[in-house]
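Accompanying notes for the structure given below.
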Amino acid sequence: MTTRWLSPQEQRAWRAYVAGYLLLEDAIDRQLQQEAGMPHLYYSILANLSETPERRLRMTELAEQLKITRSRLTYAVGRLEKDGLLRREECRWDKRGTVAALTDEGMAALENLAPGHVETVRSALFDRLTPEQVGQLEEIFTQVVLGFQDADEAAPQELPWRRRSSPCSGS
C-alpha cells in the first residue's frame, strides 16, 4: 500500500487544527478547573443531560452524544455522582441499561458555570471568526462527523461509544 502523504497545504491545515484544538481545550479546561474543579468533559456531561427530557439519558446514548468510550463515561459519571451532581438509575425500559440523571445540585452547578464557560468559548473562538467563518467551521466539522457516521455502517467498533473498552483499560 502506498502512503498518501499530506500536501504542504494539508499539512499546514492539519497542524493549525491540532494547535487550535489543543489551545482551545486548554483554555476551556483551565476556566472550568478554576471555577469548579472539573474538566471540560464533566461540564459537557452536565450540559448534555440538562438539554434532555427529565434531565435523564441512557448511558450508551450519552456516550454517543459525547463521542467517548463507555468506560470513560462510566468513570466520569462516577466522579460526578460522588459529588452529588448526578445519579445513576436503572433504565425503566431496559433492565440491562443504566440512566444518568442530572440532580438539582448538578443543574445549579451548571447554571453557575455556564456564563463563564460561554464567555471562554466566545472569546477564545467565536470572537476571532467572521460570521462566514463560523458557517464554514460548522460545515467542515459536520462533514467530518458524517464521514465517521458513514464508516459506522462498515465498522461500528471503530467509533468510541461502540467499543467494549478503551485500549488502555486492560480488558
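Values below: every heavy atom of this structure, side chains too, minus hydrogens, waters and symmetry copies.
Taking the side chain as every heavy atom from C-beta outward, Leu49 and Arg56 never approach each other to under 4.5 Å. Between Met59 and Val99 the shortest side-chain heavy-atom distance does not fall below 4.5 Å. Looking at Val134 and Thr130, their side chains never come closer than 4.5 Å, going by heavy atoms from C-beta outward.
Here Glu54 contributes atom CD and Leu57 contributes atom CG; the two are 11.5 Å apart, rounded to the nearest 0.5 Å.
In this structure, Tyr43 and Ala114 approach most closely via the heavy-atom pair OH-CA, 3.4 Å. When all heavy atoms of Ala63 and Leu73 are compared, the pair lying nearest together is N-CD2, 3.5 Å. Scanning all heavy atoms of the two residues, the minimum distance from Leu110 to Ala47 falls at CD2-CA, 3.7 Å.
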Can Leu102 and Arg87 be said to form a side-chain contact (heavy atoms from CB on, under 4.5 Å), step by step? CA-CA 7 Å; Leu102 185 64; Arg87 69 180 169 276; over 6 Å; no
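Each salt bridge (Lys or Arg N to Asp or Glu O under 4.0 Å) pair with one or both residues in residues 130-140, not counting sequence neighbours, would appear here, but there are none. Every pair passing side-chain hydrogen bond (donor to acceptor under 3.5 Å, both in side chains) that includes a residue from residues 7-18 is listed here, sequence neighbours excluded: Ser7-Glu10, Gln11-Arg15. For residues 56-85, no residue pair satisfies the ring-ring contact (aromatic ring centres under 6.0 Å, His included) rule, not counting sequence neighbours.
Side chain of Thr98 to main chain of Arg88: no donor-acceptor pair is present (N/O by atom type, distance under 3.5 Å, no hydrogens or angles). Here the side chain of Asp29 pairs no donor or acceptor atom with the backbone of Pro39 at under 3.5 angstrom. With hydrogens and angles ignored, the 3.5 Å screen pairs a side-chain donor or acceptor of Arg128 with a backbone N or O of Ser123.
Partners of Ala108 under the side chain to side chain contact (heavy atoms under 4.5 Å, CB included) rule, at least two apart in sequence or in another chain, do not exist in this structure. Scored by the salt bridge (charged side-chain N to carboxylate O under 4.0 Å, His left out) test, Asp127 finds no partners at all (sequence neighbours excluded).
The pair Arg79-Glu81 does not meet the salt-bridge criterion, since no charged nitrogen lies less than 4.0 angstrom from a carboxylate oxygen. By the 4.0 Å N-to-carboxylate-O rule, Asp26 lies close enough to Arg30 to be salt-bridged with it.
Hydrophobic clustering (side-chain heavy atoms under 4.5 Å, transitive across Ile, Leu, Val, Met, Phe, Trp, Tyr) groups Leu24 together with Leu137.
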Donor-acceptor pairs under 3.5 angstrom involving side-chain atoms of residues 31-38: please list them, not counting sequence neighbours.
residue : atom : partner : partner atom : Å
Gln31   : NE2  : Glu35   : OE2          : 3.0

